[in-house]
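The chains referred to below are lettered A, B, ... by the order of the sequence lines, with proteins before strands, and numbering in each begins at 1. Small disclaimer: the values here were computed from a predicted structure and weren't measured.
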Amino acid sequence: MTEHPNDYIKPELMACCGAREINDKDRVIVGTGFPTMAANIAKHTHAPNAMMMQESGSYDAIPRRPALSVGDPCLNPGAAMIGGLVEIMGMFLQRGWVDVGFLSGSQVDKFGNINTTVIGNYDNPKSRLPGSGGANPIGSLVKRVLIIALHDTRRLAEKVDFITTPGYIDGPGARKKWGLEEDNGPWALITNKAVLRFDNETKEAYLATYHPGTSVDEVVKSTPWDLKVSDDVHETEPPRADEIRVLREVLDPNRMIKIYEGRGYV
Amino acid sequence: MTEHPNDYIKPELMACCGAREINDKDRVIVGTGFPTMAANIAKHTHAPNAMMMQESGSYDAIPRRPALSVGDPCLNPGAAMIGGLVEIMGMFLQRGWVDVGFLSGSQVDKFGNINTTVIGNYDNPKSRLPGSGGANPIGSLVKRVLIIALHDTRRLAEKVDFITTPGYIDGPGARKKWGLEEDNGPWALITNKAVLRFDNETKEAYLATYHPGTSVDEVVKSTPWDLKVSDDVHETEPPRADEIRVLREVLDPNRMIKIYEGRGYV
Amino acid sequence: MNKVMSMKEAIETHVNDGAFLYIGGYIARPPFSAIHEIVRQKKRDLTVVRSNAADGFDMLIGAGCVKCFIATFLSLGFYGLARCYRRSIESGIPHKIELEEYSNLSLPMMLMAGALGMPFLPTKDMVGTDLLNVKSFMGDNKYKMIESPFDGSPTLLVPALRPEVGIIHVQQADENGNAQMWGIGGDCQWGANASDKVIISCERIVSRDVIGLDPSRTIVPDFKVVAVVEEPFGAHPGYTPGFYDVDFVFGSHYQQASNTVEGFEAFLDEWVFGTADRIEYIQRYIEKYGYGQFKNLEAGFGFSPPVSYEY
Amino acid sequence: MNKVMSMKEAIETHVNDGAFLYIGGYIARPPFSAIHEIVRQKKRDLTVVRSNAADGFDMLIGAGCVKCFIATFLSLGFYGLARCYRRSIESGIPHKIELEEYSNLSLPMMLMAGALGMPFLPTKDMVGTDLLNVKSFMGDNKYKMIESPFDGSPTLLVPALRPEVGIIHVQQADENGNAQMWGIGGDCQWGANASDKVIISCERIVSRDVIGLDPSRTIVPDFKVVAVVEEPFGAHPGYTPGFYDVDFVFGSHYQQASNTVEGFEAFLDEWVFGTADRIEYIQRYIEKYGYGQFKNLEAGFGFSPPVSYEY
């Protein structure tokens, strides 16, 4: 029997959900926080040959402390290869070598499009956000995009104010029309309430699993579009003992992951 | 009074002619043999800040023996920068940083076009030559091309069998039409009989100076087109004592330059 | 040709009002000393470019130095929001900068194209998104969509960038400007080489002989360089691999100060206008934060295996 | 994942008849051991590419392995003429190879485009010359002339190349394939990374830890690599910086032998078919030329300053 400790917090569950989407030997482009933890949980459990890279130029780094940015000093010593943006974003990503990318956004819509540019009008914004950075090319070019988002009717949207990063754009056929690989794109949308996946035909996000403590109804009500529900919808598997052990003992002994609770991931 | 030793050989005179075309601070892309010797004579005499590079990737090398190829081992230790073809041919040359390039060819025509591809018909050649290598981009992109050639009616041609490297192509306006810098191009054609320069209007090579031991008549007769002669045509200045000293004492103590005599440079 | 000078002289001589600047760094090696000097000298109407900008760019914007920004991202990341940037865009304080936005693939490629003498190049990102729907000072030359002449597929072309001056901070350089760097690169090599002239800020000046012992580490050749400034600790509060760590405490201090206009101005008065140069800046740092914290930033011991270029 | 194997196994497993190969080197680091093994295994109908090819390519052509050659240049330089190449083109011996010709700017750029996932890129050379008038197996896709959509100027576009297998020789690699190189680069980094998979031949295999002590030296990441072959002296008669010098005597020997078909075949019989692997090749070399000459090729002492990546 797989053990499932009871004392996990929601960000830990979300990190585990991310980890389970990573296959052995996947090449994963990570940022900091959730993505790094998720990828590392995978590497320490079922995907020992998963390889990570940061857009700043570091490949297969061996950080001795949690990286606090994608250019963190701890990503230098011990890495297998260090170049710059052209190597990682061009030679690895644009050339088609990157399997998985993690993205988060202030707004995410039903087609998995992400907004990290602006809330409100572009020229007279309510709130100016950081911009694309690496998000757009990662969303455009990795095989499977894992999206992390808060689940409420403000963060999820029928339509984002600004498409910074393409998901399935305006639906079936759109990626192909723009010259993007049709089979690539958003793979799972991991929120603090559920895991949504994307329908092969309609390209819309649908409910796959709901986290312990919520329900199909609550998730549907928290979603601003007419959320379809999978026929075999079920509860998300809670963090397993081995996942939790890696997270708390190896990756994040100071439990920095708790800061995500403060950001609403509860 | 400038001293002019009498015991020079023709290749030494030609190397000195090349050296005199190099200004202080020029960036010079060199191969082996003549070009390297010419550039180094300049650096050791009037152009101490001339900088040399080889297309293979080496910039400001400090060879301890004469380089026998553009990728010679002696171009590694002590260089200021080593990259590869993309750095030298792209970042330095295509970006417009290279002032002078030396080229030679089996055929050179009156517009300074050079053939290093094929004698005879391309598909059924009389003689297959090595091809462009770096010659075409050097001829296309340096500010001043110095051409080294044997002076006879076979090596010089009204029209080359194959334009490997552009001079002024088919005359005035042609470089501009093709998107090349109009002011760049062949600067001097240094042969074993003379120095030819290129007319600003017609873009044709004309006789500027004839080497000691030849005459205007002999040069004109050895040239297969109707060679124009400069109003102030005069004898080429023989190698100066300081040039000869650098060449024999510093650059080429074994006088490897003599092999050019065997190749017809007499 | 010895190009060694002070940062004051380098910025006075080579950065004019209205200039187009590439300013390197990627948390690693931001040329912060140069940024402070640009603020100190009150340069105006600059166009600035870098992929993934952070606190240094926020400061230039807040100080009113920037007119146009060719950008992909500006955030203070772990520290929090980039307040000067947001005040400029949201409220026009001190003025609204003009913004041309690309991504962390397309922008490094545009710098690479500039460095390699290409007029433009194709990239595969940005298509299908609003990044193509907003254009600013680059107008219709922000990009072009074409059908590939090879296979007819829709292809995005982005233009090469050729800044007038590139400013980077590296580990070491010689007096002529041959500059050597190792560790995380960001877009430094391409940005510097895209530029017509380069200001090198470095942790240490070494002899030409030392450069020649490992020429594969050189990322900028001397002939592009117009100034070499020996500026130890010059990337602080960013880091330089092999020399010092990121200063999280100071980074947070800046973020908190910059939450208000008053706080930002007080920060500049204390750390930029109130210090004449990097020496005074470090002096103040040690006085305020203590030599212990300063010393703690110093990098641990590391040692790469020597290699030989001999034959 | 340990990818260490013999050159025999690497070529057997990963190079098929008809394959499209990038083969690196630029006098520096030609993967000669791999070239010999390709000849030994009588691979046929290969398409091969490299900027500035030399004796290794001449040998592959003379041995009948090559069908198509994407080329800029083939010469034996200081040694003399490339006789096998000329016999193929001039007289169809052993058969006439097909030749698609570019230059030492455009071809490295085409490999760079392939490595960076670009479909094509603009170059400024070749225009106005007969290099654009001759087309072979690449047909109309050899290049395209367009009017720049940015400024209307005539612009040459050349296509990206993506070889199936890249073969390079470097100083060191780990068992997974992280490959490190220093010194003259030619088009190795771009050629290898343009390729779908890479065979790494190296002077020495080092641990992953050693790679991590200087990660900026890595030019190919492990995930592209399908085979790692430890092959000391593997670039002979070319050189490897830090390991051994060019062997001018042997280089001349090859050139002289290849002046005739008979001489060339005798050379192959002696040095390629007559030896099972690199160990036997070196054994024969020492027997024939003497250990003194072998030892003389060994590089002199050199030592780069260690650097630190610590924080």
Side-chain angles (χ1 to χ4, degrees), chain C residues 28 105 109 112-113 116-124 140-141 143-146 148-151 153 155 157-160 171-172 180-185 206 210-217 239-246 297-311, chain D residues 28 105 109 112-113 116-124 140-141 143-146 148-151 153 155 157-160 171-172 180-185 206 210-217 239-246 297-311:
Chain C
L105 169 62
M109 289 288 176
M112 187 183 79
L116 296 179
M118 291 188 246
F120 55 78
L121 50 65
T123 55
K124 288 186 178 161
D140 282 346
N141 280 339
Y143 68 88
K144 301 285 176 182
M145 280 298 300
I146 65 164
S148 163
F150 289 92
D151 66 6
S153 61
T155 304
L157 302 179
V158 288
Q171 282 96 342
Q172 61 190 24
Q180 298 196 321
M181 190 268 282
W182 53 93
I184 285 176
V206 298
V210 168
I211 296 292
L213 290 171
D214 204 351
S216 292
R217 292 214 198 277
Y239 77 102
T240 299
F243 287 81
Y244 42 88
D245 200 350
V246 161
L297 294 174
E298 198 173 276
F301 180 72
F303 207 85
S304 69
V307 304
S308 167
Y309 288 75
E310 287 297 325
Y311 51 89
Chain D
L105 169 62
M109 289 287 176
M112 188 184 79
L116 295 178
M118 291 188 246
F120 56 78
L121 50 66
T123 54
K124 288 185 178 161
D140 282 346
N141 281 338
Y143 68 87
K144 300 284 177 183
M145 279 298 301
I146 64 165
S148 162
F150 290 92
D151 67 6
S153 61
T155 305
L157 302 179
V158 288
Q171 280 96 342
Q172 60 190 25
Q180 300 196 321
M181 188 268 282
W182 53 92
I184 284 175
V206 298
V210 167
I211 297 291
L213 290 171
D214 204 351
S216 292
R217 291 214 199 276
Y239 76 102
T240 299
F243 288 80
Y244 43 88
D245 199 350
V246 161
L297 294 174
E298 199 174 274
F301 180 71
F303 207 83
S304 69
V307 304
S308 167
Y309 289 75
E310 287 297 325
Y311 50 88

**Choice from D:F243, D:Y311, D:Y143 maximising heavy atom contacts with chain C below 4.5 Å** = D:Y311
**Asked** For the atom pair CG (C:L121) and CZ (D:F120), what is the distance rounded to the nearest 0.5 Å?
**Response** 9.5 Å
**Validation row: D:K144, C:F150 side chains within 4.5 angstrom (heavy atoms)** = yes
**Asked** Side chain, backbone, both or neither: which part of C:I146 has a non-hydrogen atom closer than 4.5 Å to chain D?
**Response** side chain
**Contacting moiety of C:P149, where chain D heavy atoms sit under 4.5 Å** = both
**Asked** Does C:Y239 have any ring-ring contact (aromatic ring centres under 6.0 Å, His included) partners at least two apart in sequence or in another chain, and if so, which?
**Response** none
**Request:** Please determine, among C:E298, C:R217, C:Q171, the option with the most heavy-atom pairs under 4.5 Å with chain D.
**Result:** C:R217
**Message:** Using a 4.5 angstrom heavy-atom cutoff, name the option from C:G117, C:G212, C:P122 with the most pairs to chain D.
**Reply:** C:P122
**Item:** C:L116 CG to D:M112 CE distance, which is reported to the nearest 0.5 Å
**Value:** 5.0 Å
**Asked** Just how far is it from atom OH of C:Y309 to atom CD1 of D:I184, taken to the nearest 0.5 Å?
**Response** 11.0 Å
**Request:** Output all residues satisfying side chain to side chain contact (heavy atoms under 4.5 Å, CB included) with C:L213, sequence neighbours left out; order by chain, then residue number.
**Result:** D:P305
**Item:** Largest heavy-atom contact set with chain D, pairs under 4.5 Å, which of C:P119, C:A299, C:S153, C:S304
**Value:** C:S304
**Asked** Where does C:S216 contact chain D at under 4.5 Å (heavy atoms): side chain, backbone, both or neither?
**Response** side chain
**Request:** Identify which of C:Q180, C:M118, C:M109 forms the greatest number of heavy-atom pairs closer than 4.5 Å to chain D.
**Result:** C:M118
**Item:** Flag, side chain of D:W182 to backbone of C:S308, donor-acceptor distance under 3.5 Å
**Value:** yes
**Asked** Side chain, backbone, both or neither: which part of C:T155 has a non-hydrogen atom closer than 4.5 Å to chain D?
**Response** side chain
**Request:** Under 4.5 Å, counting heavy-atom pairs only, tell me which of D:P215, D:G185, D:P306, D:A113 racks up the most with chain C.
**Result:** D:P306
